[in-house]
A.B. asks: 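Questions regarding the structure given below will be posed in turn.
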Amino acid sequence: TALLAACGGGGEEVASPPPATSGAPSASAAPAPRPGQTVATQAITFDGPRGRTLQGAWAPAATTPKGAVLVIHENRGLTDHIRSVAGRFAGSGFAALAIDLLSEEGGTASLGGDAEATAALAKVPPERFTADMRAGVAELARRAPGAKIGAVGFCFGGGMTWLLVASGEPRLAAAAPFYGPLPDNADFKDSKAAVLGIYAEQDQRVNASRGEARLALRRAGLTHTIVT
């Protein structure tokens, strides 16, 4: 699909800091994280569309939440790097949920590797991605009541973030797609989200949809900034 093709699968991932630990908290309570620390994520499941169970990595805010963020992975699925992104948001005061968009396939970890995750994502219809992300927003609203909700995604996840904006999800207050292809005939008129679009300075492949994104945001009258 265009969402996957635009984000290639053969390159190396950008080096990242050590990942946050996944899984349930240990029986002995750990000290509360200090603001600015990476918060350890917890593997969770939550209700998805049509009775399905979704998986994700949850990181509660280290302080009173400033907001809540849905973190959307690249085309390799939910990796330790993406879990660490959720943990860093939490350390900065934002409750964060990194969703696994391969939950229906048993979860990213069950598939064996990056190539298998990418191939599995290529078979999923956009409608399922949208429904699962909206369920993720609902779970964030449940776990961080009253917090404004945003979404951030990277490459394939950037495309997913654009898709979520296009869905008109009413609880989405902000979105920060790191490039990613737009939905076909992108129409954001039903959204109320403020958008920060992150693009590249020199990578024309990444920037291919930048102009279209700017026009679609202007047509919808959304508050937005596009940066390179």
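Note: hydrogens, waters and symmetry copies are ignored here, and every other heavy atom, side chains too, is used. On a predicted model such as this, the values are computed, not experimentally measured, just so you know.
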A.B. asks: What are the two closest heavy atoms between Gly150 and Leu172, and how far apart are they?
C.D. replies: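 Nearest heavy atoms, Gly150 then Leu172: C-CD1, 3.9 Å.
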A.B. asks: Using the rule given for side chain to side chain contact (heavy atoms under 4.5 Å, CB included), can you reason through Leu78 versus Ile99, listing the C-alpha separation, both sets of side-chain angles and the distance that settles it, and then say yes or no?
C.D. replies: CA-CA 7 Å; Leu78 180 56; Ile99 189 171; over 6 Å; no
A.B. asks: Determine whether Trp162 and Phe188 make a side-chain contact, defined as any pair of heavy atoms from C-beta on separated by less than 4.5 Å.
C.D. replies: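 Touching, per the 4.5 Å side-chain cut-off.
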A.B. asks: Flag the pair Arg128 and Glu105 as a salt bridge only when some basic side-chain nitrogen lies within less than 4.0 angstrom of an acidic carboxylate oxygen.
C.D. replies: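 Salt bridge flag = yes for Glu105 with Arg128.
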A.B. asks: Just to verify, what does Pro145 make a side chain to side chain contact (heavy atoms under 4.5 Å, CB included) with, not counting sequence neighbours?
C.D. replies: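 Once residues adjacent in sequence are excluded, Pro145 has no partner under the side chain to side chain contact (heavy atoms under 4.5 Å, CB included) criterion.
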A.B. asks: Restricting to pairs with a member in residues 208-228, which pass ring-ring contact (aromatic ring centres under 6.0 Å, His included), not counting sequence neighbours?
C.D. replies: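 Applying ring-ring contact (aromatic ring centres under 6.0 Å, His included) to every pair that reaches into residues 208-228, excluding sequence neighbours, yields nothing.
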A.B. asks: Hey, could you give me the NE2/NE2 distance between His81 and His73, rounded to the nearest 0.5 Å?
C.D. replies: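 Rounded to the nearest 0.5 Å, the NE2-NE2 separation comes out at 12.5 Å.
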A.B. asks: Of all heavy-atom pairs between Asp132 and Pro49, which one has the smallest distance, and what is that distance?
C.D. replies: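 Result for this residue pair: OD1-CD, 3.4 Å.
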A.B. asks: Using side-chain heavy atoms (C-beta onward) and a distance below 4.5 Å, is Phe94 in contact with Pro65?
C.D. replies: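 A side-chain contact is absent here, since even the closest heavy-atom pair is not under 4.5 Å.
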A.B. asks: Please find the pair of heavy atoms, one from Leu54 and one from Ala135, that lie closest to each other, and give the distance.
C.D. replies: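 Scanning both residues, the minimum pair turns out to be CD1-CB, 3.7 Å.
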A.B. asks: For a 4.5 angstrom cut-off between non-hydrogen side-chain atoms, does Leu97 reach Ile44?
C.D. replies: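 They are in contact (side-chain heavy atoms under 4.5 Å apart), so the answer is yes.
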A.B. asks: Step by step, would you call Ile72 with Leu101 a side chain to side chain contact (heavy atoms under 4.5 Å, CB included)?
C.D. replies: CA-CA 8 Å; Ile72 307 170; Leu101 292 176; 4.0 Å; yes
A.B. asks: Side chains of Tyr199 and Ser209: does their closest heavy-atom pair fall under 4.5 Å?
C.D. replies: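 Side-chain contact under 4.5 Å: yes.
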A.B. asks: Tell me if a side-chain donor or acceptor on Asn207 pairs with a main-chain N or O of Ala200 at a distance below 3.5 Å.
C.D. replies: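 Side chain of Asn207 to backbone of Ala200, a donor-acceptor pair under 3.5 Å: yes, one is there.
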A.B. asks: Atom OG1 in Thr225, atom CG in Leu217: separation rounded to 0.5 Å?
C.D. replies: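 Here the rounded value is 10.0 Å.
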A.B. asks: Test of understanding: clusters of I, L, V, M, F, W, Y form through side-chain heavy atoms closer than 4.5 Å, transitively. Do Ile226 and Leu222 belong to the same one?
C.D. replies: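 Result: yes, single cluster for both.
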A.B. asks: Hey, what do you get for CZ (Arg76) to CD (Glu116), rounding to the nearest 0.5 Å?
C.D. replies: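 Reported value, rounded in 0.5 Å steps: 13.0 Å.
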A.B. asks: Would a 4.5 Å heavy-atom cut-off, applied to side chains only, mark Met160 and Leu70 as touching?
C.D. replies: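 Met160 does not reach Leu70 side chain to side chain.
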A.B. asks: Determine whether a donor-acceptor pair (N or O, by modelled atom type, separation under 3.5 Å) exists between the side chain of Gln37 and the backbone of Val39.
C.D. replies: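 No.
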A.B. asks: Any chance you could measure Asn75, atom CG, to Leu121, atom CG, to the nearest 0.5 Å?
C.D. replies: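 Rounded to the nearest 0.5 Å, the CG-CG separation comes out at 7.0 Å.
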A.B. asks: Please check: side-chain N/O of Lys66 versus main-chain N/O of Lys148, any donor-acceptor pairing under 3.5 Å?
C.D. replies: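 Looks like no, no N/O pair under 3.5 Å.
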A.B. asks: Distance check, rounded to the nearest 0.5 Å: Phe46 atom CZ versus Arg143 atom CZ?
C.D. replies: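 Here the rounded value is 8.5 Å.
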A.B. asks: Do Val165 and Val227 share a hydrophobic cluster (ILVMFWY, side-chain heavy atoms under 4.5 Å, transitive)?
C.D. replies: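 Yes: a chain of side-chain contacts under 4.5 Å links Val165 to Val227.
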A.B. asks: Side chains of Phe178 and Val152, heavy atoms from C-beta outward: is any pair under 4.5 Å?
C.D. replies: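 Sidechains of Val152 and Phe178: in contact.
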A.B. asks: Parallel, tilted or perpendicular: which one describes the rings of Phe129 and Phe156, with boundaries at 30° and 60°?
C.D. replies: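 Rings of Phe129 and Phe156: perpendicular, over 60°.
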A.B. asks: Ala61 and Ala95: which non-hydrogen atoms are nearest, and at how many Å?
C.D. replies: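 Shortest heavy-atom separation between Ala61 and Ala95 comes out as CB-N, 3.6 Å.
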A.B. asks: Any side-chain heavy atom of Thr161 sitting closer than 4.5 Å to one from Leu164?
C.D. replies: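 Thr161 does not reach Leu164 side chain to side chain.
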A.B. asks: Is the number of heavy atoms from other residues, nucleotides or ligands under 6.0 Å of Asp47 CG greater than 12?
C.D. replies: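 For Asp47, atom CG is not crowded (no more than 12 foreign heavy atoms under 6.0 Å).
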A.B. asks: Measuring from Ile149:CD1 to Arg171:CZ, what's the distance to the nearest 0.5 Å?
C.D. replies: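 Rounded to the nearest 0.5 Å, the CD1-CZ separation comes out at 7.0 Å.
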A.B. asks: Indicate the atoms forming the closest heavy-atom contact of Thr130 with Ser167, along with that distance.
C.D. replies: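 Taking every non-hydrogen atom into account, CG2-CB, 3.6 Å.
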A.B. asks: Go through the steps to decide whether Arg52 and Glu104 satisfy the test side chain to side chain contact (heavy atoms under 4.5 Å, CB included), and finish with yes or no.
C.D. replies: CA-CA 7 Å; Arg52 293 190 292 111; Glu104 185 164 312; 2.7 Å; yes
A.B. asks: Minimum heavy-atom separation for Ala86 and Ala98, please, with both atom names.
C.D. replies: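 For Ala86 versus Ala98, the nearest heavy atoms are CB-CB, 4.1 Å.
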A.B. asks: Evaluate the side-chain proximity of Ile82 to Val71: yes if any heavy-atom separation is below 4.5 Å, no if none is.
C.D. replies: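 Yes - at least one pair of side-chain heavy atoms lies under 4.5 Å apart.
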